[in-house]
Amino acid sequence: LGTLMWIEAEGPTPFQKLVVAQDVGGAIKGPLRGDLYCGIGPEAGRFAGSLQALCSFYIVSLQT
């Protein structure tokens with residue numbers, strides 16, 4: 001938790017974003033799966049539904 005991750009997803013809505021891991025998600029079953037919180041309301045629901053695609057997750061390492 002608290003880890004920075006870069007997500008890239010293809011599909012109907014290409015998506016690239018820096019996110020923070022905030023939850024282990026009890027409903028997420030199986031290896032290499034994730035759940036992305038997109039907000040509340042109809043627009044957020046449509047956007048979240050369009051993200052059901054294969055994606056790449058990269059752990060961001062900040063070293064000085």
Side-chain angles (χ1 to χ4, degrees):
L1 299 177
T3 301
L4 291 175
M5 300 179 73
W6 180 256
I7 299 177
E8 294 180 359
E10 296 184 15
T13 306
F15 180 82
Q16 297 179 333
K17 192 163 188 107
L18 183 65
V19 299
V20 177
Q22 295 181 317
D23 187 7
V24 294
I28 301 169
K29 304 296 183 200
L32 302 175
R33 295 184 182 270
D35 188 14
L36 181 66
Y37 178 74
C38 295
I40 59 173
E43 185 175 335
R46 284 190 294 276
F47 181 72
S50 73
L51 291 176
Q52 295 178 3
L54 294 176
C55 64
S56 297
F57 294 82
Y58 302 93
I59 295 174
V60 176
S61 176
L62 301 175
Q63 298 180 345
T64 57

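All values reported here derive from a predicted model rather than from experimental measurement.
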Approximate separation, where rounding is to 0.5 Å, of Ile7 CD1 and Gln16 CD
11.5 Å
Can you tell if the side chain of Leu4 reaches within under 4.5 Å of the side chain of Val20, non-hydrogen atoms only?
yes
Group every Ile, Leu, Val, Met, Phe, Trp and Tyr by side-chain heavy-atom contacts under 4.5 Å, then state whether Phe47 and Tyr37 land in the same group.
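No.
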Quick check: are there more than 12 heavy atoms from other residues, nucleotides or ligands sitting under 6.0 Å from CG of Leu1?
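Correct, the count exceeds 12.
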If you count heavy atoms of other groups shown closer than 6.0 angstrom to CG of Leu18, is the number above 12?
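Atom CG in Leu18 is crowded, with more than 12 foreign heavy atoms closer than 6.0 Å.
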Which heavy atom in Cys38 sits nearest to a heavy atom in Ala44, and how many Å separate them?
O-CB, 3.4 Å
